[in-house]
Amino acid sequence: MHGLGKRQRIYHGAVGLALLGGLLGTGGGGGLGDLGSLLGGLLGPGDSATAQSATPISGRLHMADQKLRKGCKSYSYDYTVTVPADQEYDLEIFVTDPRGVSQGSDVILSGADPESGTKSLTICRSNTVPGTFTLRGTLYTNDGAGPTTTTVVPADSFRLTLAKKHHKHKHAKHHGTSHKKRHH
């Protein structure tokens with residue numbers, strides 16, 4: 001045990017005491033059932049195995065209403081990801097048109113993108129129709145020790161509308177001529 005750190009020596013000592021107590025049947029139930037509480041008391045709340053992250057995992061997406069322009073154009077959106085500092089994340093984003101047809105996607109990655117910002121998606125007018133679109137996201141987080149956590153990000157609706165065309169009205173002008181009916 002000489003090469004072990006202080007916490008490891010305490011742990012090994014506590015396991016030994018708990019096992020010995022269980023074998024000897026010393027008062028209060030003793031034994032292996034109390035091992036967790038004994039170790040929690042000796043190791044304290046700073047142990048990474050028992051510490052819970054205080055930061056809730058969440059995400060937010062928002063795209064403002066915009067004009068649906070000719071061709072394939074970029075449409076900007078805002079995002080925010082809230083994750084514990086010790087976790088990696090990726091946020092997959094999808095946009096669907098009024099018909100429910102997928103029109104684009106994007107990915108926000110820890111290490112490559114900040115936790116909040118503005119990015120853009122490409123939408124082609126020839127592939128869609130104007131109306132109410134939906135921006136959806138799924139946030140995947142992992143602390144490297146456990147399974148990946150999946151969090152659905154609340155959807156955001158926005159409108160892409162066509163620009164109204166302004167027609168110039170041609171007014172017929174009659175200059176200096178009068179149109180009188182002649183009576184014969």
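Index from 1, following the sequence.
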Answer whether the closest heavy-atom distance between the side chains of [X] and [Y] falls below 4.5 Å.
X: Pro130; Y: Leu160; answer: no
X: Phe133; Y: Thr96; answer: no
X: Val153; Y: Leu91; answer: yes
X: Thr141; Y: Val81; answer: no
X: Asn127; Y: Val101; answer: no

Any donor-acceptor pair under 3.5 Å linking the side chain of [X] with the backbone of [Y]?
X: Thr55; Y: Pro84; result: no
X: Asp156; Y: Met63; result: yes
X: Gln66; Y: Tyr75; result: no
X: Arg69; Y: Ser74; result: yes

Looking at Lys119 and Asp113, is there a salt bridge between them, counting it only when a charged N and a carboxylate O are closer than 4.0 Å?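 Salt bridge between Asp113 and Lys119, a charged N being under 4.0 Å from a carboxylate O: yes.
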message = Assigning hydrophobic clusters by single linkage (Ile, Leu, Val, Met, Phe, Trp, Tyr; side-chain heavy-atom cutoff under 4.5 Å), is Ile123 placed with Leu162?
response =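 Yes, same cluster.
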With a 4.5 Å cut-off on side-chain heavy-atom distances among I, L, V, M, F, W and Y, is there a chain of contacts connecting Leu68 to Phe158?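 Both belong to a single hydrophobic cluster.
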query = Among side-chain atoms of Tyr79 and Asp106, is any donor-acceptor pair under 3.5 angstrom?
reply =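 Note: Tyr79 and Asp106 side chains miss the donor-acceptor criterion.
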With a 3.5 Å cut-off and no angle check, do the side chains of Asp143 and Gln87 form a donor-acceptor pair?
->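 Side chains of Asp143 and Gln87: no pair found under 3.5 Å.
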> Of the options Val83, Ile93, Thr150, which is the one that meets Leu139 in a side chain to side chain contact (heavy atoms under 4.5 Å, CB included)?
Replying inline: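 Per the side chain to side chain contact (heavy atoms under 4.5 Å, CB included) rule, the option paired with Leu139 is Val83, out of Val83, Ile93, Thr150.
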Can you tell me how far [atom2] of [Y] sits from [atom1] of [X], rounded to the nearest 0.5 angstrom?
X: Lys73; Y: Arg125; atom1: NZ; atom2: CZ; answer: 10.5 Å
X: Ile57; Y: Tyr140; atom1: CD1; atom2: OH; answer: 13.5 Å
X: Thr80; Y: Leu61; atom1: OG1; atom2: CG; answer: 8.5 Å

| request: Start with the C-alpha gap between Asn142 and Glu88, add the side-chain angles, then the distance that decides, and say whether side chain to side chain donor-acceptor pair (under 3.5 Å) holds. | output: CA-CA 5 Å; Asn142 193 309; Glu88 292 186 350; over 6 Å; no
Report task. State which residues pass side-chain contact (heavy atoms from CB on, under 4.5 Å) with Ser102; sequence neighbours excluded, sorted by chain then number. Result ->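 Checked Ser102 against side-chain contact (heavy atoms from CB on, under 4.5 Å); zero matches.
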Decide yes or no on side chain to side chain contact (heavy atoms under 4.5 Å, CB included) for Tyr89 and Leu109, but give the supporting numbers first. CA-CA 6 Å; Tyr89 63 87; Leu109 296 171; over 6 Å; no
Where Pro114 and Ile108 come nearest, the two heavy atoms and their spacing
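Scanning both residues, the minimum pair turns out to be O-CG2, 4.3 Å.
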Any chance you could lay out the side chain to side chain contact (heavy atoms under 4.5 Å, CB included) test for Arg60 and Thr82, step after step, and finish with the verdict? CA-CA 9 Å; Arg60 186 189 67 78; Thr82 304; over 6 Å; no
*How about Glu115: does its CD atom have over 12 heavy atoms from other parts shown lying under 6.0 Å from it?*
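Atom CD in Glu115 is packed in, count exceeds 12.
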Practice item. Before giving the answer on side chain to side chain contact (heavy atoms under 4.5 Å, CB included), spell out for Thr134 and Phe94 the whole-Å C-alpha distance, their side-chain angles and the decisive distance to 0.1 Å. Key: CA-CA 8 Å; Thr134 304; Phe94 302 95; over 6 Å; no
